[in-house]
Amino acid sequence: GHHTIYALGAAMDAELSRGAGHFANEAVNPSDAAKPRRELLARYLERFAHFFRRDVFVRRCFEALNAEQRPELLGAAAAMKELFEEYRLEKHVISESMVEHCYKDDMFLDFDLEAASNFLHWLGVLHRP
């Protein structure tokens, strides 16, 4: 039989452009004809699963929201700082600022994954497994 070989890139862009429902259905389509596509989707998803590991996602999420580097994030840091004040009171947090709470050092290099995770969970951005 004739088998189409799919590569990541343009072929995947075409798949994704068909919508999330199509993408999800193809990922679990059990037919033999869909096997190459399932394998492609698995490779694609495995490449991006890394970004959703807790240690990667929490830090990137926190730092992106706090840095406001993109126009759509303007105001996020101010909102988080205001919400942190409520979090501080509710959770009896000693740290005076959100940034102090989410980093273990004064240079803000040693990220406190647990503290940041707890704050993002409280905000409703992160859910416990």
| message | Between Glu114 and Lys104, does any side-chain N to carboxylate O distance fall below 4.0 Å? | response | no
**Asked** Under 3.5 Å, is there a donor-acceptor pair between the side chain of Asn29 and the main chain of Asn25?
**Response** no
Tightest non-hydrogen contact, residues Asp32 and Pro36, listed as O-CD, 3.9 Å
d(Met80 CE, Leu120 CG) to nearest 0.5 Å is 6.0 Å
Legend entry - Side-chain (Gln69) to main-chain (Ala64) donor-acceptor, under 3.5 angstrom: no
Looking only at heavy atoms, the pair that brings Ser31 and Arg38 closest together is O-NH1, 3.0 Å
Here the gap from Phe111 atom CZ to Asp105 atom CG, rounded to the nearest 0.5 Å, amounts to 12.0 Å
Rounded to the nearest 0.5 angstrom, the CZ-OG distance for Phe62 and Ser117 is 11.0 Å
Practice item. Look at Lys35 together with Glu39 and state whether they make a salt bridge at an N to O cut-off of under 4.0 Å. Key: yes
**Request:** Check the side chains of Arg47 and His50 for a donor-acceptor pair under 3.5 angstrom, ignoring hydrogens and angles.
**Result:** no
**Prompt:** What's the verdict on ring-ring contact (aromatic ring centres under 6.0 Å, His included) for Phe119 and Phe84, showing C-alpha distance, side-chain angles and the deciding distance?
**Reply:** CA-CA 8 Å; Phe119 180 51; Phe84 180 76; 5.5 Å; yes
When rounded to the nearest 0.5 Å, the distance separating CG of Leu113 from SG of Cys102 is 10.0 Å
| query | Given the rule in the salt bridge (charged side-chain N to carboxylate O under 4.0 Å, His left out) test, do Glu86 and Lys91 qualify, once you have shown the distances and angles that lead to the verdict? | reply | CA-CA 8 Å; Glu86 292 297 318; Lys91 299 293 183 181; over 6 Å; no
- Message: Taking the side chain as everything from C-beta on, heavy atoms only, tell me whether Met98 gets closer than 4.5 Å to Asn66.
- Response: yes
Taken to the nearest 0.5 Å, the spacing of Leu83 CG from Arg88 CZ works out to 14.0 Å
Heavy-atom side-chain contact between Leu41 and Arg37 under 4.5 Å: yes
Determine, stepwise, if the pair Val56 / Arg53 fulfils side-chain contact (heavy atoms from CB on, under 4.5 Å). CA-CA 5 Å; Val56 175; Arg53 284 192 352 232; 3.7 Å; yes
*Do the non-hydrogen side-chain atoms of Leu65 and Cys61 ever get within less than 4.5 Å of each other?*
yes
*asked:* Measuring only between side-chain heavy atoms, which start at C-beta, is Phe108 closer than 4.5 Å to Val99?
replied: yes
Rounding to 0.5 Å, atoms CH2 (Trp122) and OH (Tyr87) come to a distance of 8.5 Å
Item to complete: Assess whether atom CD of Glu96 is packed by more than 12 heavy atoms of other residues, nucleotides or ligands within 6.0 Å.
Response: no
Note to self: Atom CD of residue position Glu72 - does it have more than 12 heavy atoms of other residues, nucleotides or ligands inside 6.0 Å?
What the structure shows: yes
| message | For the backbone of Ala77 and the side chain of Glu68, can you confirm whether one donor and one acceptor N or O come within less than 3.5 Å of each other? | response | yes
| query | Does the Arg60 side chain pair with the main chain of Phe52, one donor and one acceptor, at a distance under 3.5 Å? | reply | no
| Leu89 atom CG: more than 12 heavy-atom contacts under 6.0 Å | yes
